[in-house]
Amino acid sequence: MKWMGRYAGYNAVAFRKDLLSGLIVGIIAIPLGMAFAIASGVKPEYGLYTTVIAGILISLLGGSKLQIGGPTGAFIPILFAIVMQYGYENLLIAGMMAGLMLVLMGVFKLGALIKFIPRPVTIGFTAGIAVIIFSGQITNFLGLRGIEKHEDFWSNMKEIGMHISTINIYSVLTAGICLAVLLLVPKFAPKVPASLVGLVLSTVVAAFFFEGQVATIGSSFGAIPNSLPQFHMPEITWERIVNLLQPAFVIAMLGGIESLLSAVVADGMTGSRHNSNRELIGQGIANMVTPLFGGIPATGAIARTATNIKSGAVSPWSGVIHGVVVLLVLVLFAPYASHIPLASMAPVLMLVAWNMSERRSFVHVMKTKTSDSLVLLLTFLLTVFTSLTTAVEVGLILAVLLFVKRMSEMLKVAKVLPDPDHKHEKVMAHMVREGHDCPQISLYTIEGPLFFGAADMFEKSVMDSIHRRPGILLLRMGKVPFMDTTGEANLASLIKHFERSGGIVLLSGIQEQPLEMLKRTGLLERLNPAHRFEHTGEAINYALQHLNEEKCKGCKHFAFRECAVLSSAGTDPERNSLLKSGKRVNASSSV
């Protein structure tokens, strides 16, 4: 019923819009599918199979109405590394495992958690991936020969440097033509698929003028079959599953992040809201099925999703049509695709890398010169020079540590002077003046989250600032928005410490979350109900009523004498005039 609800009111006009947008996106997806597959280290037809099968399934089963799924640039360094280390067959198994992980994430409603990955981490690895994609196409752009591909960035750069003398001027000219088309067509004909025009034009030029001088898809990978992909079940063993757990998890996490980011972009463009958990389930099913037909991992494609929306799509049928268009082109025109020069594919991927680089956001975050800048830079560098797995792990850990540090610095424990104009705190306003402390009452305001990163500082701040042990300790908790079990344990320790020495700890203004934590841990039951107050003024009145009379009489602090006078004077004009004049008042008459 929910599925049918997505097409409520669907009519011929809506179908025509979906047909047009599906046709446009399908044409755009053809060169990208082949390019992403080649850059990932597999045959170009596998990218087309992925576009067809995953594209249709994601549109039908996903949680974003206008999401376009398929192979994306973000996967290139990960898939290439897996192919290099484990082989193509194991890539298919890793893709299936990643699909199962995505389904489980959706079933257990973990879609919202992926959104909590810090933006500096996301920008960092996205920019790093863009650098890897761009640099990986230098070889094809220049037509270099004898290049051996490696997993790491430095080794690939060394290979390019060592073989720079083998540059092919015909490849450069072919790539230059395609690049010029990619840059000019959007300016003069924005609705025309520039990548397809660039590929066709540069291929025609190369075929007529540079025949045999430029490497093509056919000469490098063989002819692209014009038939439907064949079903094939990879040989799955326990040993393979164990070895591929980490690669599969990386694919699942990146696929989940990219698909939900794309869905958020679609929401922003249409004003709708996607279902994140359903989106993960749809992505997961697509990635479990696609490898059975030779396809590589897929996810939501931000650029193609945006194009789909701009082209007027109104329902998931546009995504289904886009897959069908790619299938028809594969069946009817596959032999012609074998003539496409690799040099023509290079500018297409370079432009994809440039567009996904998050360069503006990168510069913006770096200009802040905050801890986010450090997280961003480190994630970026680790993505480029090590691996995406390492980059994300380190980036997340560093982001969490810096966040904890910032949050711990927010906690403030201060012995403060209450507002003398507040009717409930007028008395206490005279208890702390000019550095004189009342021997019997200490008042502290706690401000900020009381959690594991700051709990120890909270207890030490209170204990270290008390030079003489007061009989009553009043903690104002109204500005503590959050408390965890560590913060509760330190608070319990402080209360226990004071009560052992015969003192009383009063709490005022406890917010909802800290109060709930105190209930769950049992500390609230152990506290004397009379020692907890909603307002500080009530706690102050209670404290004044329980002062030790003998200690009051022996008090040498004039500030306390003022407090004692006010506690019994009320609005007595005579007593108030004595306070203003600064004269001593008989302590016995004030208690």
Side-chain angles (χ1 to χ4, degrees), residues 1-8 25 50 54-75 78 95-126 129 248-290 297-309 313-320 322 356 358 361 388 392 395-396 399-400:
M1 294 299 293
K2 290 183 179 179
W3 189 87
M4 291 299 294
R6 304 174 82 185
Y7 305 95
V25 178
T50 305
I56 292 175
L57 290 176
I58 288 172
S59 292
L60 290 176
L61 305 176
S64 178
K65 189 168 70 169
L66 301 179
Q67 176 90 281
I68 297 295
T72 64
F75 275 137
I78 299 173
M96 294 175 66
M97 292 170 60
L100 178 59
M101 291 178 185
L102 285 169
V103 170
L104 293 176
M105 288 180 190
V107 169
F108 290 105
K109 301 187 183 304
L110 300 179
L113 297 180
I114 295 179
K115 299 176 184 178
F116 290 107
I117 294 179
R119 182 150 173 75
V121 175
T122 305
I123 296 173
F125 75 67
T126 303
I129 289 172
F249 181 73
V250 174
I251 293 173
M253 289 302 296
L254 183 59
I257 293 170
E258 286 292 311
S259 64
L260 294 182
L261 283 176
S262 180
V264 169
V265 171
D267 288 349
M269 296 180 68
T270 62
S272 60
R273 292 190 65 182
H274 72 280
N275 184 321
S276 58
N277 294 312
R278 179 175 172 176
E279 180 64 26
L280 291 180
I281 293 174
Q283 294 282 343
I285 294 174
N287 278 288
M288 291 174 67
V289 174
T290 303
T299 185
I302 297 177
R304 274 163 278 168
T305 297
T307 302
N308 186 43
I309 295 171
V314 295
S315 79
W317 282 115
S318 61
V320 175
H322 126 274
M356 69 177 286
E358 298 270 17
S361 298
L388 180 63
V392 173
L396 284 174
V400 169

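Owing to the predicted nature of the structure, the values given are computational and were not obtained by experimental measurement.
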Donor-acceptor pairs under 3.5 Å, side chain of residues 97-113 to any protein atom, not counting sequence neighbours: which ones?
none

Given Leu388 and Leu254, is the side-chain contact (heavy atoms from CB on, under 4.5 Å) satisfied, shown in steps? CA-CA 10 Å; Leu388 180 63; Leu254 183 59; 3.8 Å; yes

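Residues Pro118 and Leu396 have side chains in contact (heavy-atom distance under 4.5 Å, counting atoms from C-beta outward). Inter-residue side-chain proximity for Met269 and Leu66 is flagged as unmet; no heavy-atom pair is nearer than 4.5 Å.
Qualifying side-chain contact (heavy atoms from CB on, under 4.5 Å) partners for Thr290, counting only residues two or more places apart in sequence or in other chains: Thr50, Ile53, Ala54. In this view, Ala301 and Thr72, Arg304 satisfy the side-chain contact (heavy atoms from CB on, under 4.5 Å) rule, not counting sequence neighbours. Applying the side chain to side chain donor-acceptor pair (under 3.5 Å) criterion to Arg273, with sequence neighbours excluded, gives no partner residue. Partners of Ser262 according to the side-chain contact (heavy atoms from CB on, under 4.5 Å) rule, which considers only residues two or more places apart in sequence or in another chain, are Gln67, Ile302, Thr305.
Here Trp317 contributes atom CH2 and His322 contributes atom NE2; the two are 14.5 Å apart, rounded to the nearest 0.5 Å. Interatomic distance, CG of Asp267 versus OG of Ser272, reported as 4.5 Å (0.5 Å rounding). Annotation: the span from Ile285 atom CD1 to Leu280 atom CG amounts to 11.5 Å, rounded to 0.5 Å. Leu57 CG to Met288 CE: the interatomic distance, rounded to the nearest 0.5 Å, is 11.5 Å. Note that CD of Gln283 and CG of Leu61 are 10.0 Å apart. Values are rounded to the nearest 0.5 Å. For the atom pair CD1 of Ile257 and CE of Met253, the computed distance is 5.0 Å after rounding to the nearest 0.5 Å.
In summary, of the residues considered (Ile309, Val25, Thr307), a side-chain contact (heavy atoms from CB on, under 4.5 Å) with Ile68 occurs for Val25 alone. For the pairing with Glu358, the side-chain contact (heavy atoms from CB on, under 4.5 Å) check across Thr122, Ile129, Ile123 returns one residue only, Ile123.
Contact detail for Phe75 and Ile251: the closest heavy-atom pair is CE2-O, 3.7 Å. Contact between Asn287 and Pro297 at its shortest, heavy atoms only, is OD1-CA, 3.2 Å.
Salt bridge Lys65/Glu279: absent, no basic N to carboxylate O contact under 4.0 Å.
A donor-acceptor pair under 3.5 Å is absent between the side-chain atoms of Asn308 and the main chain of Gly319, judged by distance alone. When atom types are taken as modelled, the side chain of Ser259 and the backbone of Gly256 share a donor-acceptor pair closer than 3.5 angstrom.
At a cut-off of 3.5 Å, with distance as the only test, no side-chain donor of Ser64 or Arg278 sits close to an acceptor on the other residue.
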